Amino acid sequence: MSSIWSKNPYTGEKLKEYTKDTDSTITEKLKITQSVQKDWANLPITERCNLLDCVSELLLERKEEYANLITSEMGKPISQSIAEIEKCAWACDFYGYNAEDLLADEIIETDAEESFISYDPLGCILAVMPWNYPFWQVIRFAAPTLTAGNTGILKHAQNVPGCAKALEQLFLDAGYPKGCFQSILAGHEEIENLIAHKTIKAVTLTGSEKAGRGIAETAGKNLKKTVLELGGNNPCIVFEDADLDEYLETMLQARMQNTGQSCIAAKRFIVCSEIYEDFISKFIAATKNLKVGNPKDSDTYIGVLAREDLAETLKSQVDKSLEKGAKLVLGNSKDGAYFEPTILTDVVPGMPAFDEETFGPVAAIIKAHDRTHAISLANQSSYGLGAMLFTEDMEAALELIPQISDGAFFVNDMVKSDPRLPFGGTKASGYGRELSREGILEFVNKKTVYLK
Ligand code: NDP
């Protein structure tokens, strides 16, 4: 197929046709990125930071337009699309303000006259990105990586080609030299060749575990560094002393925001037995209050899934969990790409709702005999992106830190990304970190300089 159509998953309407890149247009883009790389890396860091400030300004100026594009292409409720664009501007502001310090030479006292680490860009970095936060995931990569002096090539998900093109244009409009940030619309085979190409120095992927294994294999064969931000099956542990009146809404949001399509969503609610029934009845009541509807309406909280096949996969995961003994207390109807907010109770290991990532508005509720059992269930996952704990016992929470095997541990709040904090997982959730100082130092040569 030489072109792809973007499609509105809510209306089913075809939106726009986009021409795919061919081998020759990809080669041309690689040449352009190579020609600009040196000058870009040699630009004073302050100038690169100023350009990032321009990106932030444009994002805010155009937030309605970009939010509409997100909502049209992948069905995110419009208020959440606007919030996504605002968060992108925040990440740009963070790196625009801090990148110079984060990339400054780091002096280390040794027996040399002077020794330090200098952080040099690697070159062109390939970013393979998903559709669930089609602007945020890209900006989260591009803001630090370009500011460190690298160039970037984006291979976005097939269902958000308009977002990919808009992002490419955003950097040009902000004043970035042509070739600093380009988008390629291509299939997996072309991406495999691209990873092998000498111009590409490293790859970052946000996506499924399957995509991670495929891309890491190709990158490994070619000795290219990878950062992988893959799926998650985050536990939300609810101790018997949790303040449900204060935090239930947060827990609900942790599962249902972005219509449940978030890698860091709370997917398994592991609830201590004393509070189990109370939790279920409050969670059902709160879920029933969520406003379902047209993603373009400003008060809609639950829209549709980004593609119909994603809703089909989710339905099959729920049905198989029911066959294995889970109880359905709410939802489980599907209509096209729409999937009704769903709650399963009596979920145990061995059911898809416990073992697999469920990418949609499905809450799996699991009963724990006690706190120790809850922690053991939480760690019983092949994923390790982030864990949440709700308790009034902060001392117990602090003692648990070493026992949590995930990349993040949030107490009395939902796992969320923040430009100031590192973000990334363990186990099948991938490796490497994005955001913060850790993120900007992923795609640099940490060069040891020793002056005798
Ligand atoms: P994928 O992981 O297949 O897609 C994510 C990105 O990776 C897309 O750009 C996709 O391109 C690309 N990709 C996938 N495989 C390859 C490959 N072998 N070579 C090059 N590029 C590749 O996710 P899906 O959209 O199919 O969603 C399936 C499941 O993945 C979800 O249900 C969810 O569980 C998980 N997921 C997790 C995300 C997260 O934030 N961690 C985000 C999205 C999905 P293309 O669109 O061309 O296939």
Side-chain angles (χ1 to χ4, degrees), residues 1 4-7 9 18 20-21 26 73-76 84 126-138 140-141 153-161 163-164 167 183-196 200 203-221 226-234 257-265 267 305-318 337 339 352-353 355-362 382-386 407 415-417 423-425 427-432 434:
M1 258 201 307
I4 39 174
W5 276 91
S6 57
K7 192 175 153 191
Y18 294 85
K20 277 191 166 178
D21 279 284
I26 293 175
E73 288 196 326
M74 55 70 68
K76 190 190 302 276
E84 178 174 340
L126 172 68
V128 181
M129 289 291 146
W131 42 264
N132 58 340
Y133 290 89
F135 269 67
W136 167 247
Q137 309 277 25
V138 175
R140 184 168 75 178
F141 148 76
I153 288 187
L154 165 67
K155 179 268 178 279
H156 220 325
Q158 304 262 346
N159 54 330
V160 288
C163 292
L167 281 154
S183 155
I184 283 181
L185 297 183
H188 298 178
E189 207 181 299
E190 287 89 346
I191 298 308
E192 211 171 295
N193 296 334
L194 197 57
I195 294 171
I200 298 297
V203 189
T204 182
L205 161 80
T206 301
S208 62
E209 184 184 340
K210 182 164 175 259
R213 290 187 191 280
I215 281 174
E217 188 182 336
T218 310
K221 266 195 270 177
T226 44
V227 166
L228 301 179
E229 203 274 89
L230 308 179
N233 196 359
N234 286 359
Q257 74 164 359
N258 204 23
T259 316
Q261 302 165 108
S262 167
C263 50
I264 47 171
K267 293 178 183 130
L305 300 194
R307 302 187 314 248
E308 190 171 350
D309 66 285
L310 295 163
E312 280 156 12
T313 304
L314 194 59
K315 178 91 178 100
S316 140
Q317 288 173 308
V318 171
F339 197 88
D355 298 340
E356 299 171 11
E357 176 170 46
T358 50
F359 224 58
V362 173
S382 58
Y383 292 104
L385 202 49
V415 175
K416 53 192 171 192
S417 57
F423 182 90
K427 304 188 269 182
S429 293
Y431 47 75
E434 297 192 275

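It should be emphasised that the depicted structure is a prediction, and the values quoted were computed from it without experimental measurement. Count residues from 1 along the sequence. As the structure lists them, so they are numbered: ligands from 1, and atoms in each ligand from 1.
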**Q.** Close-contact set for ligand 1 against Pro130 heavy atoms, below 4.0 Å
**A.** 42 (C), 43 (C)

Q: Evaluate the 4.0 Å heavy atom contact test for atom 4 (O) of ligand 1: does a protein atom fall under the cut-off?
A: no

Q: Report, in ascending order of atom number, the atoms of ligand 1 lying under 4.0 Å from any heavy atom of Trp131.
A: 24 (P), 25 (O)

**Q.** Arg213/Glu217 ion pair, N-O < 4.0 Å
**A.** no

Q) Leu230 and Leu385: which non-hydrogen atoms are nearest, and at how many Å? A) O-CD2, 4.0 Å

Q: For atom 23 (O) of ligand 1, state which one of Ser208, Ala157, Gly212, Ala127 supplies the nearest heavy atom.
A: Ser208

Q | Numbering as shown, the atoms of ligand 1 that approach Leu205 to under 4.0 Å (heavy-atom distance) | A | 7 (O)

Q) Hey, does Tyr133 sit under 4.0 Å from ligand 1 if you only count heavy atoms? A) no

Q | Mode of Arg307 contact toward ligand 1 - side chain, backbone, both, neither (heavy atoms, under 4.0 Å) | A | side chain

Q.
Once rounded to the nearest 0.5 Å, what's the spacing between atom OG1 of Thr259 and atom NZ of Lys76?
A. 8.0 Å

Q. Under the criterion side-chain contact (heavy atoms from CB on, under 4.5 Å), which of Thr313, Val318, Leu310 is the partner of Phe339?
A. Val318

**Q.** Rounded distance (nearest 0.5 Å) linking atom CZ of Arg140 with atom OH of Tyr133
**A.** 10.0 Å

Q. What do we get for Glu357 next to ligand 1 when only non-hydrogen atoms under 4.0 Å count, side chain, backbone, both or neither?
A. side chain

Q: Indicate, as side chain, backbone, both or neither, the part of Asn159 found under 4.0 angstrom from ligand 1 when only non-hydrogen atoms are considered.
A: neither

Q. Any donor and acceptor pair, going by atom type alone, linking the side chain of Gln317 with main-chain N or O of Glu356 inside 3.5 Å?
A. no

Q: Locate the shortest heavy-atom distance separating Ala164 from Ser183; write the atom from each residue and the value.
A: CB-OG, 3.6 Å

(Q) Nearest 0.5 Å, please: how far is OG1 in Thr204 from CE in Met129? (A) 4.5 Å

**Q.** Identity and separation of the nearest protein heavy atom to atom 12 (C) of ligand 1
**A.** Val128 CG1, 3.5 Å

Q: Return a yes/no value for Phe359: is any of its N or O atoms, backbone included, closer than 3.5 angstrom to an N or O of ligand 1?
A: no

Q) Is it the side chain, the backbone, both or neither of Thr313 that has a heavy atom closer than 4.0 Å to ligand 1? A) neither

Q) Just wondering, are more than 12 heavy atoms of other shown residues or ligands nearer than 6.0 Å to NZ in Lys7? A) no

(Q) For the NZ atom of Lys155 and the CG atom of Leu126, what is their distance to the nearest 0.5 Å? (A) 9.5 Å

Q: Using heavy-atom distances, let me know which of Gln317, Glu192, His188, Met129 sits nearest atom 18 (N) of ligand 1.
A: His188

Q. Going by distance only, is there an N or O of Lys155 that falls short of 3.5 Å from an N or O of ligand 1?
A. yes

(Q) Suppose we measure from atom 28 (C) of ligand 1 to each protein heavy atom; which comes out shortest, and what is that distance? (A) Leu310 CD2, 4.2 Å

Q) With atoms numbered from 1 as shown, which atoms in ligand 1 lie under 4.0 angstrom from a non-hydrogen atom of Ala211? A) 2 (O), 14 (C), 15 (N)

